[in-house]
Amino acid sequence: MIFHAFLIKYAEIAIKGKNRYIFEDALVKQMNIALSKIEGEFEVKKEQGRIYVFCPEQYDYDETVDALQHVFGIVGICPVVIYEEQGFEQMAKDVVSYMKNCHPNYNGSFKVYTRRAKKSYPITSMEVSAELGGRILDEFPDASVDVHDPELTLSVEIRDKIYVYSQTIKGAGGMPIGTNGKAMLLLSGGIDSPVAGYMIAKRGVKIDAVYFHASPYTSERAKQKVVDLAKQVAKYSGPIRLHVVNFTDIQLYIYDQCPHDELTIIMRRYMMRIAEHFAKQSKCLGLITGESIGQVASQTLQSLAATNEVCTLPVYRPVIGFDKQEIVERSWEIGTYETSIQPFEDCCTIFVAKHPVTKPNLNVIHRSETKLEEKIDELMKTALETVEIIEID
């Protein structure tokens, strides 16, 4: 069956009061961006408290639904058939025809829900629902009416034309991108950080990202893996500016000068400093990491406090209370898992101490970092100046 439009359902946006239009406009913008990649001219319109996508005569249904399912802010996508308004008798025939096409031989429970957006229509919503329900029962004798808990709800909207739909396809939920500021994601090739970026983006935050590369200890394939992860996240978050930082010289210098049990913490502190530099350049309001309490040595509460100390921007850790299995399940859902498990190591796994400190003492860490003062500023400056920027669309 050919669907002429999609009714877009949202949740949180509806309770935004006087600012609701701002969120609706942001949602429409993101939908237009998503649909621009699909062949055909789509029209996204706000109409009487509804958002509709009106489709061209020829379009790819599956591609269109997939594009809309990647737009944060949408909780439901309802494929709609539109009929000309030619009086009640014709509407009844059209609705029965819809049922025969979309739900042939239907034998479950149902109800008809009518919304009369055109208030001049001469029959009340309840009367329309009751009469249409009777006509459907005539054609589907094994079906039954249940107005409280039906297996199928057939919705009929009376406007200048008649809109009919009965299916709701699940959307991504969340808030439209760009409605809650911008943040910088520390993106590695692992499972956790892409999930963290996705979860923050789902709350309406636009994200950029920074990746720390350690050539030649990490390969170009490791970098490509991170680019591929950024592309997957960008399907939901929109364009990402990925900063690829050459971190090798800094890591080697820390490795040479500092106690090995403190390597992970000290390296992490310099990563946070660099990430914050680019975050401020990009007018970000915070940093995002994929850290989860206790997962590894650098993610104990004491270690997290030690890395936080070098930041002036807030650090958001959306998977902080997740266990590994929960993060893995989410990565499967968003399509990043298979890429994340590719066997290409990043800088976080190359320079790992055999017995890392799990409860770092900040005074001790500060003393160790004084050993770096002779050369670290120069190395940091070089890393910042030689950053590679990759625009992920």
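If you're wondering where the values come from, they're calculated on a predicted model, not measured in any experiment. Excluded from the calculations below are hydrogen atoms, water molecules and symmetry mates; all remaining heavy atoms, backbone and side chain alike, are included.
Salt-bridge formation is not detected for the pair R330/E326: no Lys NZ or Arg NE/NH1/NH2 atom is positioned less than 4.0 Å from an Asp or Glu carboxylate oxygen. Taking a cutoff of 4.0 Å between a charged side-chain nitrogen and a carboxylate oxygen, E12 and K16 do not qualify as a salt bridge. With respect to R116 and E157, no salt bridge is recorded, no charged nitrogen being found less than 4.0 Å from a carboxylate O. Taking a cutoff of 4.0 Å between a charged side-chain nitrogen and a carboxylate oxygen, E24 and K29 do not qualify as a salt bridge. Contact check on E262 versus R268 returns no salt bridge, with no Lys/Arg side-chain nitrogen under 4.0 Å from an Asp/Glu carboxylate oxygen. Here E276 does not pair with R273 in a salt bridge; the nearest charged N to carboxylate O distance is not below 4.0 Å. Under a 4.0 Å N-O distance rule, the pair E63/K37 does not qualify as a salt bridge.
In terms of modelled atom types and a separation under 3.5 Å, the side chain of R241 and the main chain of A209 share no donor-acceptor contact. Counting only distance, with no hydrogens or angles, the side chain of E85 and the backbone of G87 share a donor-acceptor pair below 3.5 Å. Remark: the backbone N or O of G294 is not paired with any side-chain donor or acceptor of Q299 at under 3.5 angstrom. Not a single donor-acceptor pair under 3.5 Å links the side chain of K206 to the backbone N or O of I177. Panel note: side chain S282, backbone A279; no donor-acceptor pair is recorded below 3.5 Å. Remark: the backbone N or O of G171 is not paired with any side-chain donor or acceptor of Q69 at under 3.5 angstrom. Although no hydrogens or angles enter the test, the distance criterion places no donor-acceptor pair under 3.5 Å between the side chain of S193 and the main chain of G290. The main-chain N or O of S97 is found under 3.5 Å from a side-chain atom of N101 such that the two form a donor-acceptor pair. The closest donor-acceptor contact from the side chain of S368 to the backbone of C258 lies at 3.5 Å or more, if one exists at all. Side chain of S237 to backbone of A201: no donor-acceptor contact under 3.5 angstrom is found.
Placement of V205 and Y316 within a single hydrophobic cluster is found when ILVMFWY residues are connected by side-chain heavy-atom separations under 4.5 Å, directly or transitively. Under the 4.5 Å side-chain contact rule for hydrophobic residues, V315 and Y270 share a cluster. The hydrophobic cluster containing I390 also contains I240, counting ILVMFWY residues as joined when their side-chain heavy atoms lie under 4.5 angstrom apart, directly or transitively. The cluster map of Ile, Leu, Val, Met, Phe, Trp and Tyr, joined by side-chain heavy atoms under 4.5 Å apart, puts I8 and Y113 in different clusters.
There is a side-chain donor-acceptor pair under 3.5 Å between T300 and S303. No side-chain N or O of N308 forms a donor-acceptor pair with one of R269 less than 3.5 Å apart. No side-chain donor-acceptor contact under 3.5 Å links H103 and Q167.
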Please step through side-chain hydrogen bond (donor to acceptor under 3.5 Å, both in side chains) for the pair E41 and Y59, ending with a clear verdict.
CA-CA 9 Å; E41 293 294 324; Y59 72 99; over 6 Å; no
Show your working on side-chain contact (heavy atoms from CB on, under 4.5 Å) between V164 and D94 and close with a plain yes or no.
CA-CA 9 Å; V164 182; D94 291 336; over 6 Å; no
For a side-chain contact (heavy atoms from CB on, under 4.5 Å) check, start with the C-alpha distance between M175 and Y10, then their side-chain angles and the critical distance, and finish with the verdict.
CA-CA 9 Å; M175 299 292 287; Y10 50 75; over 6 Å; no
Between E127 and T124, is a side-chain hydrogen bond (donor to acceptor under 3.5 Å, both in side chains) present by the stated rule, with each step listed?
CA-CA 5 Å; E127 289 170 337; T124 68; 3.2 Å; yes
Stepwise, does the side-chain contact (heavy atoms from CB on, under 4.5 Å) test hold for S292 with I320?
CA-CA 4 Å; S292 168; I320 192 75; 5.8 Å; no
Could you walk me through whether S166 and L152 pass the side-chain contact (heavy atoms from CB on, under 4.5 Å) check?
CA-CA 7 Å; S166 59; L152 173 71; 3.8 Å; yes
For E309 and H366, run side-chain hydrogen bond (donor to acceptor under 3.5 Å, both in side chains): C-alpha distance rounded to whole Å, both residues' side-chain angles, the deciding distance at 0.1 Å, then the answer.
CA-CA 11 Å; E309 193 218 17; H366 290 159; 3.0 Å; yes
Let me see the working for S129 and T114 under side-chain hydrogen bond (donor to acceptor under 3.5 Å, both in side chains), right down to the final yes or no.
CA-CA 6 Å; S129 294; T114 303; 2.8 Å; yes
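To the nearest 0.5 Å, atom CG of residue L287 and atom CG of residue L186 are 6.0 Å apart. Going from atom OG of S340 over to atom CD1 of I191 covers 6.0 Å, rounded to the nearest 0.5 Å. Distance CE/M272 to CE/M184: 12.0 Å, rounded to 0.5 Å. Interatomic distance, T248 OG1 to Y255 OH, rounded to the nearest 0.5 Å: 14.5 Å. Distance CD1/I266 to OG1/T307: 12.5 Å, rounded to 0.5 Å. With values rounded to the nearest 0.5 angstrom, I207 atom CD1 is found 11.0 Å from I392 atom CD1.
Figure legend: cation-pi geometry between R20 and F23 absent, as NZ or CZ is not positioned both under 6.0 Å from the six-membered ring centre and within 45° of its axis. Cation-pi contact between K202 and F72: absent, since separation from the ring centre below 6.0 Å together with deviation from the ring axis within 45° is not met. With Y163 as the aromatic partner, R159 meets the cation-pi criteria of under 6.0 angstrom to the ring centre and within 45 degrees of the ring axis.
In this structure, the side chain to side chain contact (heavy atoms under 4.5 Å, CB included) partners of K93, at least two apart in sequence or on a different chain, are Q90.
By the neighbour-count criterion of 12 heavy atoms within 6.0 Å, atom NZ of K359 is sparsely surrounded, having that number or fewer from other residues, nucleotides or ligands.
Taking the ring centroids of Y61 and F3, they lie under the 6.0 Å cut-off. In this structure, the ring of Y83 has its center no less than 6.0 angstrom from the ring center of Y98.
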For residues 228-235, dump all side-chain donor-acceptor pairs below 3.5 Å to protein atoms at least two apart in sequence or in another chain.
unit_1: D228; atom_1: OD1; unit_2: Q224; atom_2: NE2; d: 2.8
unit_1: Q232; atom_1: OE1; unit_2: K235; atom_2: NZ; d: 3.4
unit_1: Q232; atom_1: NE2; unit_2: I334; atom_2: O; d: 3.2

Give the table of side-chain donor-acceptor pairs shorter than 3.5 Å for residues 137-150, with sequence neighbours excluded, one pair per line with atom names and distance.
unit_1: E139; atom_1: OE1; unit_2: K100; atom_2: NZ; d: 3.3
unit_1: D146; atom_1: OD1; unit_2: H148; atom_2: N; d: 3.0
unit_1: D146; atom_1: OD1; unit_2: D149; atom_2: N; d: 3.1

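Checked options I169, I77, V75; the residue passing with K9 is V75 (criterion: side-chain contact (heavy atoms from CB on, under 4.5 Å)). Under the ring pair (Phe, Tyr, Trp, His ring centres under 6.0 Å) test applied with F247, the options F212, Y253, Y211 reduce to a single match, F212.
Counting heavy atoms from C-beta on, the side chains of V245 and H213 never come closer than 4.5 Å. Counting heavy atoms from C-beta on, the side chains of P259 and K371 come closer than 4.5 Å. M91 places none of its side-chain heavy atoms less than 4.5 Å from the side chain of Q86.
Below 30°, between 30° and 60°, or above 60°: for H70 and Y236 the angle between ring planes is between 30° and 60°, a tilted geometry.
Listed here is the closest heavy atom pair of V112 and I136: CG2-CD1, 3.9 Å.
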